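Convention: sequence-line order gives letters A, B, ...; per-chain numbering from 1. As the structure is a prediction and not an experimental result, all values here were calculated from the model.
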Amino acid sequence: GESVGLHLPTLSVQEGDNSIINCAYSNSASDYFIWYKQESGKGPQFIIDIRSNMDKRQGQRVTVLLNKTVKHLSLQIAATQPGDSAVYFCAENRDNAGNMLTFGGGTRLMVKP
Amino acid sequence: KAGVTQTPRYLIKTRGQQVTLSCSPISGHRSVSWYQQTPGQGLQFLFEYFSETQRNKGNFPGRFSGRQFSNSRSEMNVSTLELGDSALYLCASSLGTGGVQYFGPGTRLTVT
């Protein structure tokens with residue numbers, strides 16, 4: 001079936017560096033994308049979202065980039081901190097699918113102090 | 001504003017039993033979605049309820065069912081439990097359609 005994202009890779013970065021987490025989606029009909037952060041023992045926490053009529057959206061220390069041509073999504077975290085260590089998921093939603101989210105496999109981010 | 005709450009947080013059941021999980025959405029949210037999270041399959045959509053009606057359903061067997069009450073609280077039920085049903089069951093709530101979904105902490109179900 002249709003799916004979003006990659007198998008679970010691990011990204012290891014030094015504290016203070018910038019992190020970039022990537023995600024590929026397969027459904028060109030997807031028009032809404034969300035990034036979630038999940039820490040051990042907790043539910044996914046909303047980070048930032050973007051709609052398909054935008055290419056870029058910025059939040060506090062985070063930026064999401066959307067490239068619809070190649071169906072690629074990325075999450076950039078500036079000045080990565082130890083508290084950013086978690087698994088990050090991208091998710092997609094289609095306009096005619098209610099609130100059904102299709103999740104990617106996730107990326108584990110490890111921040112070295 | 002209180003977040004999404006789920007009860008119980010942990011549950012151990014035996015094969016063949018049935019289980020009911022509960023979810024209370026954020027106040028004012030009318031949509032509740034349920035997801036199953038396992039190491040092998042990741043996060044998979046189970047179903048969504050909006051104003052007491054099931055609006056979407058994922059690719060799960062009929063043993064998985066749910067309902068939503070008039071106060072937007074939702075329950076999901078799994079009958080005839082199998083070992084493979086061991087997972088973290090997550091509930092998410094949303095104001096309406098196509099917006100941010102906020103997740104609860106999940107219910108960890110272990111089937112022995």
Next item on the list: Could you tell me which residues in residues 18-46 of chain B have at least one non-hydrogen atom under 4.5 Å from a non-hydrogen atom of chain A, sorted by residue number?
Entry: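 Counting heavy atoms that sit under 4.5 Å from chain A, the residues of residues 18-46 of chain B involved are B:Ser31, B:Ser33, B:Tyr35, B:Gln37, B:Leu43, B:Phe45.
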
Next item on the list: Taking heavy atoms only and a threshold strictly under 4.5 Å, list by residue number the residues of residues 54-76 of chain B that touch chain A; give 'none' if the list is empty.
Entry: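 Expected list: B:Arg55, B:Asn56.
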
Check: Which bit of A:Gln45 is near chain B, if near means a heavy-atom gap under 4.5 Å: side chain, backbone, both or neither?
Finding: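 Neither; nothing under 4.5 Å.
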
Notebook entry, point to check: Which atoms of A:Asn99 come close to chain B, meaning under 4.5 Å heavy atom to heavy atom: side chain ones, backbone ones, both, or neither?
Noted result: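 It is both, since atoms from each part get that close.
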
Check: In terms of heavy-atom pairs under 4.5 Å with chain B, which of A:Leu101, A:Ile34, A:Asp49 leads?
Finding: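 Going by pairs under 4.5 Å, I would pick A:Leu101.
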
Next item on the list: Between chain B and each of A:Phe89, A:Tyr32, A:Phe46, count heavy-atom pairs under 4.5 Å; write down the option with the most.
Entry: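 If we count pairs closer than 4.5 Å to chain B, A:Tyr32 comes out on top.
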
Check: Quick one: CD on A:Gln38 to CZ on B:Phe103, what's the gap to the nearest 0.5 Å?
Finding: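 Separation between the atoms: 8.5 Å.
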
Please tell me whether [X] and [Y] are part of a single hydrophobic cluster in this structure, the criterion being side-chain heavy atoms less than 4.5 Å apart.
| X | Y | value |
| --- | --- | --- |
| A:Ile48 | A:Tyr25 | yes |
| A:Tyr88 | A:Leu11 | yes |
| B:Phe47 | B:Tyr102 | no |
| B:Val4 | A:Met100 | yes |
| B:Val78 | B:Leu90 | no |

Check: Is the closest side-chain heavy-atom distance between B:Gln101 and A:Tyr36 below 4.5 Å?
Finding: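 In short, these two side chains touch, coming nearer than 4.5 Å.
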
Item checked: Region of B:Glu48 in contact with chain A, defined by heavy-atom distances below 4.5 Å ->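 Only the side chain of B:Glu48 comes within 4.5 Å of chain A.
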
Notebook entry, point to check: With only heavy atoms counted, which part of B:Arg108 is less than 4.5 Å from chain A, the side chain, the backbone, both or neither?
Noted result: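 For B:Arg108, there is no contact with chain A at all, as no heavy atom is under 4.5 Å.
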
Next item on the list: Determine which residues belonging to residues 51-87 of chain A lie within contact range of chain B, meaning some heavy atom pair is under 4.5 Å apart, and list them by number or answer 'none'.
Entry: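 Result: A:Arg51.
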
Margin query: Side-chain heavy atoms under 4.5 Å apart, restricted to Ile/Leu/Val/Met/Phe/Trp/Tyr: what other residues fall into the cluster of B:Tyr10, or is it alone?
Written below: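 Besides B:Tyr10, the hydrophobic cluster comprises nothing; the residue is isolated.
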
